[in-house]
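We're numbering straight along the sequence, starting at 1. Since we're looking at a predicted model, the values are computed, not measured.
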Amino acid sequence: MLARLLRADEPSVHARAPWEDVADDALPAPLLRTGLGDAHLAVTTANPRAQAWFDQGLRLMHLGWGGEARRAFAQATREDAALAMAWWGLALTRGPGARFASARAEAMGRALALSEGLSDREQRYIVAASLLAEKGPANGRHAFVRDMECLIDRYPEDGDARLLLAGFLLDGYEPDGRPGQGQPYAQALLRELLRSHPDHAGVHHAWVQAMLNSGRPDAARDSARRLVTLAPRASPALLSAGRLLQRVGLMAEAQRVLETAVAADDAYLAEEGLLPAAAPSAEAAMRLLSQGCAEAGQYGEAQAWARRLRQRVEGAGGDDQAMLFAAATMVSAHLRFGFWRAAADVPMELSDTASPAERALRDGMRQYTRGLSLLEASRLGEVERVCSALDAQHALLAEARRSEDLSLCPRDVARVVEVAAQELRGALEARKGEVGRAEATLTRAWRLERRFRAAGPAAFSRPAREALVRLRLRTDREGKAVELAKALVSERPGCGHLRLLAAESQVALGAWSDAVEDFTAFLDCWRDADPHLPELRRARAFIAGRGRLLRLVRPPEILALRETGTPSLAAHGTASC
């Protein structure tokens with residue numbers, strides 16, 4: 001995926017790829033692997049092993065595993081030092097950012113020097129990529145696209161050329177949902193590839209990436225499923241597939257795929273004799289597994305995955321960033337079920353060498369969870385001081401310089417701290433009865449959430465839009481609450497908490513049949529949930545109370561909602577906005 005390998009910003013969340021700072025000629029020899037698809041591009045070499053290593057590098061590059069693809073291309077150059085396309089692959093997989101600019105340029109220079117006498121198609125591949133190396137991904141974009149279009153026009157049967165161009169053009173979506181520049185063009189290329197190359201694992205992976213954050217992720221559901229059989233040992237592709245299946249609400253299926261990704265990484269580590277920190281996808285998959293369990297009402301299992309992640313990080317002598325993200329996973333599991341004090345008690349030890357941004361992220365989580373506990377105890381003055389402390393922390397981080405090394409970027413931490421501060425302040429204002437100010441504050445937090453960088457740390461606060469729904473429920477704007485709750489469900493249909501929120505909104509509106517339908521959908525989402533959770537009892541009691549019992553229940557329910565400002569069916573711990 002060239003969009004990731006070339007045009008991504010220098011990552012704020014540093015993926016600890018092994019051998020990242022090792023020169024190409026010093027990379028350890030990899031193993032020839034199966035389970036990565038069967039992509040093949042004939043290149044000029046008399047050495048069959050060089051061709052095999054090149055094909056493995058190509059497959060891995062298509063599947064988003066840049067570090068391992070680089071090893072395969074490097075091994076191809078050892079088998080045949082004159083293989084120009086192997087140097088081409090090394091240039092494309094060296095990694096984004098200025099740190100590796102000289103290494104990319106050197107590899108591309110070797111490819112160009114060896115390109116004389118190659119086939120016309122190989123020369124076109126190399127010349128197109130050289131424009132990126134010479135001008136950079138931004139300035140060389142137009143020239144690269146034009147040269148790749150010429151290659152595709154000359155060799156229309158070459159699916160890899162179309163896939164590489166589509167991967168370069170995948171620009172994602174703007175916060176308002178508009179496609180980025182090149183996104184529709186990339187999708188058109190991929191739709192045709194799905195028809196012409198239905199068994200190409202890289203095509204299905206690119207399609208999953210293209211649709212994941214769109215308004216119609218279900219269009220890539222079948223591709224996500226195909227990846228499990230086409231590339232069962234490519235954990236980055238399995239991670240993408242699991243993420244999309246979660247997005248479309250197939251939670252049990254997503255759990256199985258993500259567990260397969262963890263198992264694939266463990267097998268890779270065992271074969272290579274590497275430490276757990278070298279796994280490309282396991283930690284992200286375990287975070288998603290914990291999140292998925294929480295959305296399915298499996299509180300105990302969500303904690304178990306968070307503990308497994310922490311143990312994995314600790315066992316590998318994890319760095320401070322990895323330890324923080326493991327702690328944040330446990331915090332999120334507690335927050336999702338409203339256990340503020342448990343979230344505030346999650347240990348977050350850091351080493352003496354932790355960066356200021358890492359310390360700020362830890363302090364932000366501690367302050368925020370402490371603020372929620374104080375809010376639950378109605379100690380509003382202390383909550384106000386916590387909000388002020390978070391505001392001050394954000395101000396300092398926002399003025400810090402962007403990180404230029406491998407450490408966490410202070411400005412990305414500033415974004416998540418700012419959102420947490422706004423969400424907590426909105427909840428405080430709602431508790432004080434300052435409805436207009438609370439609405440404005442939570443709306444601001446929502447807009448800030450939409451600006452998060454994918455490369456930055458995940459938010460550790462409650463989603464602002466869910467808080468907005470609860471605020472509207474307690475301020476006689478049930479119609480607006482239902483509208484927003486439905487939008488949340490459409491984005492995350494497998495999340496039982498959102499289904500429950502939609503049902504509670506229908507109760508407040510007095511739409512009893514719709515409420516029963518939403519409670520039924522909630523119970524379906526939580527069919528394997530921990531049986532002791534009170535949300536299950538409330539949903540079943542409501543459904544059982546249709547007819548005569550419902551009429552008995554309705555007046556005090558609505559009276560409690562209007563007089564106390566607390567949603568009568570709100571989850572324990574989530575009654576506070």
[atom1]/[X]: more than 12 non-hydrogen atoms of other groups inside 6.0 Å:
{"X": "E399", "atom1": "CD", "result": "no"}
{"X": "E106", "atom1": "CD", "result": "no"}
{"X": "H40", "atom1": "NE2", "result": "yes"}

Which pairs pass salt bridge (charged side-chain N to carboxylate O under 4.0 Å, His left out) with one or both residues in [range], sequence neighbours excluded?
{"range": "residues 233-255", "value": "R225-E253, R233-E271"}
{"range": "residues 40-63", "value": "R49-E79"}
{"range": "residues 185-214", "value": "E192-R195, D199-R226"}

What pairs meet the ring-ring contact (aromatic ring centres under 6.0 Å, His included) rule with one or both residues in [range], with sequence neighbours excluded?
{"range": "residues 206-249", "value": "none"}
{"range": "residues 239-260", "value": "none"}
{"range": "residues 246-280", "value": "W65-Y268"}
{"range": "residues 225-252", "value": "none"}

Original post:
Given L193 and H200, is the side chain to side chain contact (heavy atoms under 4.5 Å, CB included) satisfied, shown in steps?
Top reply: CA-CA 9 Å; L193 282 169; H200 195 305; over 6 Å; no

Original post:
What is the distance from atom CG of L212 to atom CD of Q246, rounded to the nearest 0.5 Å?
Top reply: 10.0 Å

Subject >> Residues D266, R312: salt bridge by 4.0 Å N-O rule >> reply: yes

**OP:** Flag the pair E283 and R310 as a salt bridge only when some basic side-chain nitrogen lies within less than 4.0 angstrom of an acidic carboxylate oxygen.
**Re:**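 Between R310 and E283 there is no salt bridge, as every charged N stays at least 4.0 Å from the carboxylate O atoms.
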
Subject >> Reference residue D24; test salt bridge (Lys or Arg N to Asp or Glu O under 4.0 Å); the match among R110, R71, R104, R94 >> reply: R94

Can you sort out the partners of [X] under side chain to side chain contact (heavy atoms under 4.5 Å, CB included), two or more places apart, ordered by chain and number?
{"X": "E149", "answer": "V145, R146, L165, Y185"}
{"X": "P356", "answer": "none"}
{"X": "D153", "answer": "none"}

Original post:
Any chance the side chains of H62 and D160 put a donor and an acceptor closer than 3.5 Å?
Top reply: yes

Original post:
If you measure only the distance, is there a donor-acceptor pair under 3.5 Å linking the side chains of T44 and E122?
Top reply: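 There is such a pair (donor and acceptor under 3.5 Å, judged by atom type) between the side chains of T44 and E122.
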
Original post:
For A464, does its backbone N or O pair with a side-chain atom of E449 as donor and acceptor, under 3.5 Å?
Top reply: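 Judged by distance alone, yes, a pair lies under 3.5 Å.
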
Subject >> Heavy-atom donor-acceptor pair, R221 side chain to L244 backbone, under 3.5 Å >> reply: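 Flag not set: sc R221 to bb L244 has no pair under 3.5 Å.
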
**OP:** Sequence neighbours left out, what passes ring-ring contact (aromatic ring centres under 6.0 Å, His included) with W88? Give chain and number order.
**Re:**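 If we apply the ring-ring contact (aromatic ring centres under 6.0 Å, His included) test to W88, skipping adjacent residues, the hits are Y125.
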
Original post:
For H197, what residues pass the ring-ring contact (aromatic ring centres under 6.0 Å, His included) criterion, not counting sequence neighbours?
Top reply: none

**OP:** Go through R33 and E272 one step at a time and tell me if the salt bridge (Lys or Arg N to Asp or Glu O under 4.0 Å) criterion holds.
**Re:** CA-CA 12 Å; R33 299 184 177 280; E272 295 283 354; 2.7 Å; yes

